[in-house]
Amino acid sequence: MLIASWNVNSIRSRLSQVIKWLEDEQPEVLCLQETKVSDKDFPYKTFENIGYDVKFYGQKSYNGVAIISKDNIADIRYGFPGELNQLEISEELHFQKRIISGLINGIRIINVYVPNGSSLNSEKFNYKVNWLAMLNEYLVKQSKRGEPTCLLGDFNIALDDNDIYAPDKFTGSIMASEIERKMLREALGSRFKDSFRVFEKCSGHWSWWDYRNNSFELNKGWRIDHIYLSNNLLSNLKSSVIERSQRENNQPSDHAPIMINLDFQENLIEFEDDDDDIFNL
DNA sequence: ATGGCAGAAGCATTCTGA
């Protein structure tokens with residue numbers, strides 16, 4: 001079972017590239033971030049035409065997440081608990097669509113687009129810190145359910161110095177500060193493992209390259225897109241890769257897709273739903 | 001310290017991203 005994640009930086013601009021990639025790679029699940037489109041304008045039919053189910057949670061211009069799946073997506077959660085049922089949010093608050101979750105083949109998929117945070121002394125950084133605290137709470141609840149869980153997306157955090165092309169230049173600043181790393185580590189706890197680091201311990205593997213300064217050509221990148229697995233899925237993990245070649249496309253996203261392969265031939269999932277629906281209050 | 005590049009909104013230019 002192939003499960004992938006891709007920050008596409010506008011699904012409408014990247015639609016043909018994403019469709020081509022789905023047809024070539026045939027993943028069972030692809031999670032998108034930064035779709036940058038209102039739900040009423042999401043191009044879901046293009047995905048249905050090639051055999052994928054689509055669930056999306058977006059807004060005009062900014063943010064937005066989606067789950068694309070060959071198999072049925074059940075028990076969908078839009079946003080954090082209660083978020084969907086809040087009254088219409090004012091313009092100033094600029095309500096941000098950054099998390100969507102669903103159950104696919106017995107696996108809980110949690111797709112996140114963590115705020116960037118701009119700079120450490122900004123109001124946006126406070127928002128990022130608060131958002132990570134909400135994610136922590138969400139994941140604590142999730143782990144109590146015992147479901148096999150795959151947490152993936154654009155985290156906008158390089159957890160380790162070897163996730164940055166020039167750690168001496170960036171460690172301590174936005175996406176690599178001690179407070180962000182601490183908060184993400186706490187949210188992950190001992191509950192989740194970074195699938196990529198199961199196989200690859202070295203530096204030099206990036207998922208994002210800035211559009212500016214010839215960053216891709218110079219291979220100046222960061223690894224800020226991650227796929228985490230709950231411990232009860234680790235024995236099924238066969239590979240975890242970054243699809244770097246997609247960054248070479250014409251008019252590419254600034255992120256490359258990332259993808260894992262889970263094999264259930266030997267270890268079948270056994271999980272009983274306890275119907276304790278703490279997420280839909 | 002600032003800008004580089006790209007996308008959306010919307011039609012000139014600003015805002016946002018990372």
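Quick note on labels: first sequence line is chain A, next is B, and so on, each numbered from 1.
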Among B:dA9, B:dG3, B:dG7, the one nearest any side-chain atom of A:Arg14 is B:dG7
Do A:Gln17 and A:Asn249 have side-chain atoms, one donor and one acceptor, less than 3.5 Å apart?
yes
Quiz item: Just checking, any donor-acceptor pair under 3.5 angstrom between side chains of A:Asn9 and A:Lys36?
Solution: yes
Quick check: A:Phe155 with A:Tyr228 (ring centres under 6.0 Å apart)?
yes
*In whole Å, what separates the P atom of B:dA12 from that of B:dA6?*
24 Å
Rounded to whole Å, the CD1-C1' distance (A:Ile11 to B:dA8) equals 15 Å
task = Using the P atoms only, state how far B:dT2 lies from B:dC11, rounded to an integer number of Å.
result = 29 Å
A:Phe216 CZ to B:dA6 P, in whole Å, measures 13 Å
Write down the distance separating the P atoms in B:dG3 and B:dA8, rounded off to the nearest Å. 23 Å
Nearest-Å distance once atom C1' is located in both B:dA9 and B:dG4 = 22 Å
Worksheet item: If you measure only the distance, is there a donor-acceptor pair under 3.5 Å linking the side chains of A:Asn261 and A:Ser239?
Response: no
N or O in side chain of A:Ser61 less than 4.0 angstrom from B:dC15 OP1/OP2:
no
*asked:* Please determine whether side-chain hydrogen bond (donor to acceptor under 3.5 Å, both in side chains) holds for the pair A:Arg14 and A:Gln246, giving the CA-CA distance in whole Å, both sets of side-chain angles, and the decisive distance to 0.1 Å.
replied: CA-CA 11 Å; A:Arg14 228 63 63 197; A:Gln246 293 304 303; over 6 Å; no
- Query: Between B:dA6 and A:Arg12, is there an OP1 or OP2 to side-chain N/O distance shorter than 4.0 Å?
  - Reply: no
A:Gln59 CD to B:dC15 C1', in whole Å, measures 14 Å
**Asked** Is the backbone N or O of A:His226 less than 3.5 Å from a side-chain atom of A:Ser5, with the two atoms forming a donor-acceptor pair by type?
**Response** no
Exercise for the section: Report yes or no: do A:Ser69 and A:Asp71 form a side-chain donor-acceptor pair below 3.5 Å? Expected result: no
Strictly under 3.5 Å: I want the nitrogen or oxygen pairs between protein and nucleotides 16-18 of chain B, one per line.
residue	atom	partner	partner atom	Å
B:dG17	OP2	A:Lys124	NZ	3.1
B:dG17	O3'	A:Tyr113	OH	3.4
B:dA18	OP1	A:Glu34	OE1	2.6
B:dA18	OP1	A:Tyr113	OH	2.9
B:dA18	OP2	A:Tyr113	OH	2.8
B:dA18	OP2	A:Asn156	ND2	3.1
B:dA18	N9	A:Asn116	ND2	3.4
B:dA18	N7	A:Asn116	OD1	2.8
B:dA18	N3	A:Arg212	NH2	3.4

Rounded to whole Å, CD of A:Gln17 lies from P of B:dA6 at a distance of 13 Å
- Expressed as a whole number of Å, how far does the P atom of B:dA1 sit from that of B:dT14? 22 Å
Using the P atoms only, state how far B:dC5 lies from B:dG10, rounded to an integer number of Å.
25 Å
Rounded to whole Å, the NZ-P distance (A:Lys60 to B:dT14) equals 19 Å
